[in-house]
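Here is the structure we will look at.
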2 protein chains.
Amino acid sequence: MSNEPPTEPRWLTDEEQHAWQSYLHATTLLEDHLDRQLQRDAGMPHIYYGLLVQLSRAPRRRMRMTELAQNAKITRSRLSHAVARLEKNGWVRREDCPSDKRGQNAHLTDEGMRVLEKAAPGHVAAVRAAIFDRLSAEQINQLDEICGVMAEGLQPQGADLPWLR
Amino acid sequence: MSNEPPTEPRWLTDEEQHAWQSYLHATTLLEDHLDRQLQRDAGMPHIYYGLLVQLSRAPRRRMRMTELAQNAKITRSRLSHAVARLEKNGWVRREDCPSDKRGQNAHLTDEGMRVLEKAAPGHVAAVRAAIFDRLSAEQINQLDEICGVMAEGLQPQGADLPWLR
DNA sequence: CACGAGTTATTGAACATTTAACAACGTGGA
DNA sequence: TCCACGTTGTTAAATGTTCAATAACTCGTG
């Protein structure tokens with residue numbers, strides 16, 4: 001009984017190749033674009049901005065570190081570093097969690113909220129200009145659907161991250 | 001004459017919000033997945049793998065640094081660092097360009113080629129499993145189309161990179 | 001030819017991310 | 001209670017990326 005990987009890998013068809021290139025091209029360009037836009041206008045990379053958004057939506061603008069990491073789909077380690085930086089900027093503060101002495105809550109400060117509110121319009125405009133003002137309503141639904149399917153296949157299991165991968 | 005940004009930014013509709021979250025979720029997960037897959041199976045991140053692929057397709061497996069950077073959509077600086085690393089691994093070598101004394105050619109070595117050939121099947125399988133075995137032929141076309149539209153809007157002008165942004 | 005402006009690639013420093021290891025705490029069962 | 005095991009969050013070190021500055025060269029124009 002052969003237990004090796006298939007001797008004939010199924011390569012991508014021409015359509016698949018082309019779509020894959022398009023995908024890599026577009027996603028790379030967009031991520032770069034948003035990173036620079038936010039770095040310029042808000043002094044932080046896209047992912048850090050995402051953290052502030054999450055916090056701003058949480059009750060009392062507070063969230064447990066692990067929950068925040070899960071929502072943002074990053075490792076706890078990465079979050080620790082990120083929050084350390086945001087704290088240095090005065091945009092987030094750490095607090096001990098009352099119910100679990102191991103835990104920490106990240107808290108979006110008033111200053112952090114102000115920075116976020118100031119950056120939001122420009123960021124939305126950038127996202128609009130790059131995507132939603134360029135796609136039809138139908139394409140937006142297609143994109144949503146496609147991304148949903150992709151994400152389904154990527155959930156799970158892995159070393160440090162029972163969640164992320 | 002009012003020259004300020006609009007006082008009422010056009011926020012995203014619910015559909016747009018949802019699609020945007022899906023997009024961020026899926027692309028983050030996929031990129032992470034492929035990065036880990038390649039780091040594990042080939043000892044390099046996704047983008048480095050992409051550099052080897054580019055070189056493998058070039059005539060004589062050689063390419064000018066700037067051209068390679070353009071194709072991979074990264075800055076020349078980033079490419080310099082990346083090639084330095086790949087060179088340390090023995091997978092790429094630098095050569096002076098005969099026709100332009102400023103120039104360098106990156107050259108994929110035989111060893112680099114072997115590493116690439118060994119890694120390719122697993123990588124294709126991962127991409128397949130994540131995307132192309134999960135989407136219909138129609139969805140693949142839609143994705144291609146959508147990414148094309150996105151990329152169009154992102155070409156642009158910028159600091160160091162007349163190309164990338 | 002000589003000059004100035006642009007191009008090519010690299011570098012160092014600051015910053016971000018990954019990985020593995022770790023301390024501190026919680027939880028459930030003997 | 002006590003202990004084994006899981007969870008929470010952090011850390012150091014290695015690695016990767018960005019940003020600004022720079023050396024070396026090319027090219028067009030006077």
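Reckoned from all heavy atoms, side chains included, excluding hydrogens, waters and symmetry mates. Lettering follows sequence order; numbering is per chain, from 1.
Taking 3.5 Å as the limit, the base of dT19(C) and the side chain of Ser77(A) contain a donor-acceptor pair of atoms between them.
Salt-bridge annotation for Glu95(B) and Arg62(B): present, with a side-chain N of the basic residue lying under 4.0 Å from a carboxylate O of the acidic one. Of the charged side-chain nitrogens involved, none lies within less than 4.0 Å of a carboxylate oxygen, so that Asp110(B) and Arg114(B) do not count as a salt-bridged pair. Between Lys73(A) and Asp32(B) no salt bridge is recorded (no basic side-chain N to carboxylate O distance below 4.0 Å).
Distance, Leu68(A) CG to dT10(D) P: 11 Å, rounded to whole Å. As a whole-Å value, the separation of Asp96(B) CG from dA24(D) C1' is 12 Å. Atom OH of Tyr48(A) is separated from atom P of dT17(D) by 15 Å (rounded to the nearest Å). Rounded to whole Å, the distance from CD on Glu67(B) to C1' on dT8(C) is 14 Å.
Counting any heavy atom pair closer than 4.0 Å across all strands shown, Asp100(A) reaches sugar-phosphate atoms only and no base atom. Residue contacts for Leu79(A): at a heavy-atom cut-off of 4.0 Å it reaches no nucleic acid atom on any strand shown.
Of the side-chain N and O atoms in Arg36(B), one or more sit less than 4.0 angstrom from OP1 or OP2 of dT19(C). The phosphate of dA9(C) (OP1 or OP2) has a side-chain N or O of Arg64(B) nearer than 4.0 angstrom.
Taking a 4.0 Å limit (strictly below) on heavy-atom distances, residues 84-95 of chain A reaches DNA chain C at Arg85(A).
Comparing Arg102(A) and His81(A) against DNA chain D, the residue whose closest nucleotide sits nearer the 5' end is Arg102(A).
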